[in-house]
Amino acid sequence: MKRKLLTLVLALSVLGGAAAPAVSALGADQRLSAVTAKVKAALALDTAAYPEFYGELDEAVLAPTWQLEWNGPDGHISVSATEDGKVLRYYSSADQDAVSPGYSEAPAFPSGDRNSARAAAEAFVKKLLSTGETVSFRDQGRDRLGTSSYRFYGEILVNGLSAGLSCNVSVRCADNKVVSFDRDSLEGSVMGGIPSATAQVGQDAAGKTLRDARKLRLEYELKDPNGRQAVLRYLPEATDEYYVDAASGKLVNLTDAYKDVDEDGGAMFNTSASEPAAAAEATADRAGGLTAAEQAGAVKLEGVLDRDTLDKKARDIKALGLEPYKLSTANYTVSREEDGKVSAILRYGRQVEGSSWRRTVTLDARTGELESVSSSGWLPENAAATRLSNAAARQKAEAFLTSQCPDLFTDTVLYDGTGTTVETRQPFHTFQYAQKANDIFFPANSLYVGVDSTDGSISSYRKEHTEGVTFDSPAGILTADQALDAWLATYEVKLQYVPVPTAVDYSKPEFEKLASFGVRYMHTLALGYKLYRENDFTGIDAKTGEPVIPDWSSDDGTLRYDDVAGHWAASEINGLARYGVGYQGGRFEPNKQLTQADLIVLILSCDGWRFDPQEEGALDRLYDRAYSKGLLKRGERNETQSLTRSAAVRMLLDGWGYGAVAKLNGIYKTSYTDDASIPAAGYGYAALAQGLGLVSGPAYEPQGGMTRAQAAVMLYRLLGR
C-alpha cells in the first residue's frame, strides 16, 4: 500500500513545534480584515477597480483557511490563504485572455519567451515562500500550440531538501503576467517540528541499505508490443515503500507504518475487475430507408444469438455460479477488425446482505463461447468463517481452465496467486498462469482466473495469448546482481524530509476534536534517504545492461528522434517535436522525399493527431480528417505521391485558412528569380509563401522536390507567424 501526500505545505506553526495556529479570539470580521491586508501586501494587489468583495471562512478543525474574492467590471481575483496570510491559491480572470483559441483555429506557436516567463514565475513564488523555503522549477509537460499561457511546476524545498511540497504557476505568454498559482498545504496535517537537515548517516551507507530492499525478476517481454520477438529483461518486483532514517541508519517500512495506523487495513481497496459502462441503445430512423453503409452494418449482426439463448449458454457453464444472479443487460459489440466478430456482454446482479454483487460474462455472440468474466462485490462481516481456502480455490481454478482452454493451460505455470484475507473482506482468490520459455516466465501469454471464496464459482477469467512468438537465448545475460546494480544506477539516493504517518494522540487538547472525524493519523517529518529518479524506466535489458525506455514518445506528448542530431534542420524539427508535432516511432527521416501522406501526418499532428500506420484503418481515418480540414479533396488521395514544393505550399496554406485569399487573381507579385515559371493556379500561394517567409530562397522552384526536413522548416515558420 503506497501512499502519496497530495497536500503538503509546511505551516509556520510547524517550525515552532505546534500542531496548528490557534484560532484567534477576534471576531470573524476582524480576522477577515487582518488576513485581507496580509494577502494584499504579499501579492502587491491594487483592488481599487473591484467594487465588490467577499471573504468566506473554512473553519477547519485544525487549520482555518480563507477564500477571498474581488469582483469588478473586468473580471475577478480569487485567493485562498491561511489565517496568517500565507497564499495557497491565486487566480485572476482579468489577466486571462478574453478568447481562447478554438479547435478549428489555425495552430501557432505561443507568443513571448518561455525563459522570461519562467523567471517571472520564480520571482512570483519566491515572494510568497515561508522562512526556510526555496523553490526549484522545472517545466511541466509540453507547451500546446495556440496556448495563451506557459505552465511551470516547482518543487518547494525546506532547508534545501525535498519535503514532498510542490506548486504550479501559469504565466501569460504575451506579457509574463502570472495568472494563476497554487501550492500544497500541510496546515492541519503535520505534527511536530522540522528536523535538522544534518544527516548522521552517509549517502553510500543508506544506498546500500536501500539496495537490499530492492529485487528484480528475469522475464521475457515483447520487444515491440505489436511484434513477435520476446527479449529478456530484468523487471522490478513490487515491493513496499522504504526510507533509511538519516539519524539511525535503519531501514523504515512506510507501507507497514500506514497499515499500523489504518484501522481499515485497506478495506476500501477495490479488487474487482473494471467493467465497461453499459452501452446506450441506438435507434435508427428508417423512414428514409437505409444507405448501403447502414445495410452493411446490419449484416454484421447476422447470426448472433438472442438474449435468452446467450443467457442459457452462460448459465450452462456451471462453474460460473450464475444461479443466484439475475440478468440485467445484454449488449452486442462489433469488432472493428475485418473478421467481423461480435461479442455479447451479459451483466448479472444480486444482493448479498444489502450489498450489490455484479458479474459480467462476455461470450462470442454467434457461438456462445466464453471469452471473459469479471466480478465485483464485498464480503459481509460474518462471512469470514465460511470462506474457501486458497488451496481449494486453486483446485477449482485449474479444473475450470482445463475444461475451457486445455491446450493453452498445458503450456502455463502458476505465476501469481493472491488469496483473500479477513481484514480486507475481499471475496475473490485470483490466479495468473503464464507461459514459460527456457524456464523463464513470459507473462504476456497468460491465463487469469478468479474464484469466489463464498461459493467456489469462477468470478473472473480472461486470456492473453500471442501466437508465433520467438524467444531470445538466455546465453550471455547479466547476473541478477549485475542487473540490480544497473537498475539502482538509474536512481539517486536523495536526502529529504519524509512524511511518516503517526497516530494522533486524542488526549492532547489540540487534537481531541479529531476523534469525532475519524482522523486516526497525521504526519511527522523525518530526515531520511529515499531512491529518486525522473526518468520512467521499466527495467534492465538482460544482455546489454541498459535501462529500458517504455516508448520514444514521452508521457507529456513530446517527440524524440534518434536521427536528426547534426542535421541542418535539427533545430526546427526538434522545435516542432517539443509540441508533439512530427512523426511517431523515434525517427524523423529528414532526408526522405516528402509524400502526400507524410505532409498530412505532419500537419494533423499540430491538432494532436497521432498516426500509427500499424493500426487497422489508420490511413483511412487520416485522410478522412484531411478532407474535413480542407487539405485536399477525396479524388486527390495518393498517399505515396512525392510532393512538389508548389503542392506542399498549397496544402500548408489551405490548412491554415489562406486558400481563399491565395486564389484571388491579379493582386500578387513575387520577387522570386523564377517568377515567370510559377503556374497561374499557384501564383497566389507562391506570393503568400514569400510574404510569410515559408520559402525564403531566391528561387521558388515550384516543381522542385521536397524532403521531410524542408517541410518541417516551412511548417515551423508558418507556426511562428
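We count residues from 1, following the sequence as given.
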Indicate whether any N or O donor in one side chain lies under 3.5 Å from an N or O acceptor in the other, for E464 and S446. no
Ring centres of Y415 and Y433 under 6.0 Å apart? no
dist I317:CD1 -> E369:CD (nearest 0.5 Å) comes out at 9.0 Å
Regarding T490 and R533, is there a side-chain donor-to-acceptor distance under 3.5 Å anywhere? yes
Counting only N and O atoms by type, is there a donor-acceptor contact under 3.5 Å from the side chain of T479 to the main-chain atoms of Q482? yes
Option passing side chain to side chain donor-acceptor pair (under 3.5 Å) with R359 (candidates S459, S460, S457): S457
Would you call R621 and E615 a salt bridge, taking side-chain N to carboxylate O under 4.0 Å as the test? yes
Got L488 and L531 here, is their nearest side-chain heavy-atom distance under 4.5 Å? yes
Could you tell me whether K530 sits above the aromatic face of Y243, with NZ or CZ closer than 6.0 angstrom to the six-membered ring centre and within 45 degrees of the axis? no
Is it the case that N445 and Q435 place a side-chain donor and acceptor less than 3.5 Å from each other? yes
Is it the case that T362 and S343 place a side-chain donor and acceptor less than 3.5 Å from each other? no
Donor-acceptor pair between D452 and T454 side chains, under 3.5 angstrom: yes
Is the centre of the Y448 ring less than 6.0 Å from the centre of the Y461 ring? no
Sidechain-backbone polar pair: W609 side chain, V601 backbone, donor-acceptor under 3.5 Å: no
If we count only N and O atoms by modelled type, under 3.5 Å, do the side chains of N438 and Y220 hold a donor and an acceptor together? yes
Polar contact flag, side-chain donor to acceptor under 3.5 angstrom, D472-Q229: yes
Between the side chain of Y583 and the main-chain N/O of L559, is any donor-acceptor distance below 3.5 Å? no
Looking only at the aromatic ring of each residue, does the gap between the centers of Y532 and Y491 stay below 6.0 angstrom? no
